[in-house]
Amino acid sequence: CFCGMTNFHRFKLGFDRTFGLGEIADRTQEAAYQTAVDSQAAALAVLRPGIRAEDVHSAYAQVIQSAGYEYPFRCGRATGFSFLERPQLVFGDKTILQPGMVFAVDGSVTVPGKFRAQVGDSFIITDDGYEQITSHPKALAEVII
């Protein structure tokens with residue numbers, strides 16, 4: 001997680017990537033990573049003003065659980081002067097998203113005791129959707145060093 005390195009004019013931004021060193025020997029890691037990417041994409045498909053925070057998490061969680069992985073931690077959180085602010089993109093948070101809110105939206109899969117795949121970026125809610133603030137390639141070939 002590069003969270004501690006992503007400050008912009010005193011504001012904190014979420015930015016996460018899982019990087020691989022060399023070749024991937026365990027192909028289950030490849031599947032977990034792709035599910036993380038897909039779960040973030042599902043969250044972004046519903047991210048917009050007027051939707052409840054927990055509905056973003058629901059789209060994210062459905063992808064992860066449908067792929068056979070454990071129930072996931074929160075999909076994201078608001079950011080600002082700290083790395084963890086409210087609202088959070090998690091079940092139970094019924095906050096209605098509004099233009100101007102800034103969120104770190106993650107895709108994440110944990111294989112207990114073995115591996116965690118994480119992709120995350122920051123987004124500003126706009127009048128009709130969102131604007132992406134952080135960006136880095138997510139394709140597996142581009143995160144293998």
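These numbers were taken from a predicted model, which means no experiment stands behind them.
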Atom NZ of residue position K114 - does it have more than 12 heavy atoms of other residues, nucleotides or ligands inside 6.0 Å?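 Result for NZ/K114: open.
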Any donor-acceptor N/O pair, [X] side chain to [Y] backbone, under 3.5 Å:
{"X": "T35", "Y": "I64", "result": "no"}
{"X": "S39", "Y": "A36", "result": "yes"}
{"X": "Q88", "Y": "R74", "result": "no"}
{"X": "E54", "Y": "G92", "result": "yes"}

I'd like to know if the side chain of [X] pairs up with that of [Y] as donor and acceptor (distance under 3.5 Å, no hydrogens or angles considered).
{"X": "E131", "Y": "T126", "answer": "no"}
{"X": "R116", "Y": "S108", "answer": "yes"}
{"X": "R27", "Y": "Q29", "answer": "no"}

Considering all heavy atoms, the nearest [X]-[Y] contact:
{"X": "L140", "Y": "E30", "result": "CD2-CG, 3.2 Å"}
{"X": "Q62", "Y": "S66", "result": "O-OG, 2.7 Å"}
{"X": "T134", "Y": "S122", "result": "OG1-N, 2.9 Å"}
{"X": "T79", "Y": "A104", "result": "CG2-CB, 4.1 Å"}

Salt-bridge test for D106 and R77: reply yes if a basic N is under 4.0 Å from a carboxylate O, no otherwise.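 Here D106 pairs with R77 in a salt bridge, since their nearest N and O are under 4.0 Å apart.
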Using a strict 4.0 Å threshold on nitrogen-to-oxygen distance, state whether K138 and D121 make a salt bridge.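 Judged by the 4.0 Å cut-off on N to carboxylate O distance, K138 and D121 do form a salt bridge.
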Could you tell me if the side chain of [Y] sits less than 4.5 Å from the side chain of [X], heavy atoms only?
{"X": "C75", "Y": "V105", "value": "yes"}
{"X": "V111", "Y": "T28", "value": "no"}
{"X": "T110", "Y": "Y69", "value": "no"}
{"X": "Y33", "Y": "V119", "value": "yes"}
{"X": "P87", "Y": "F103", "value": "yes"}
{"X": "L44", "Y": "Q132", "value": "no"}

Do the ring planes of F91 and Y71 sit parallel (below 30°), tilted (30 to 60°) or perpendicular (above 60°)?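 Parallel.
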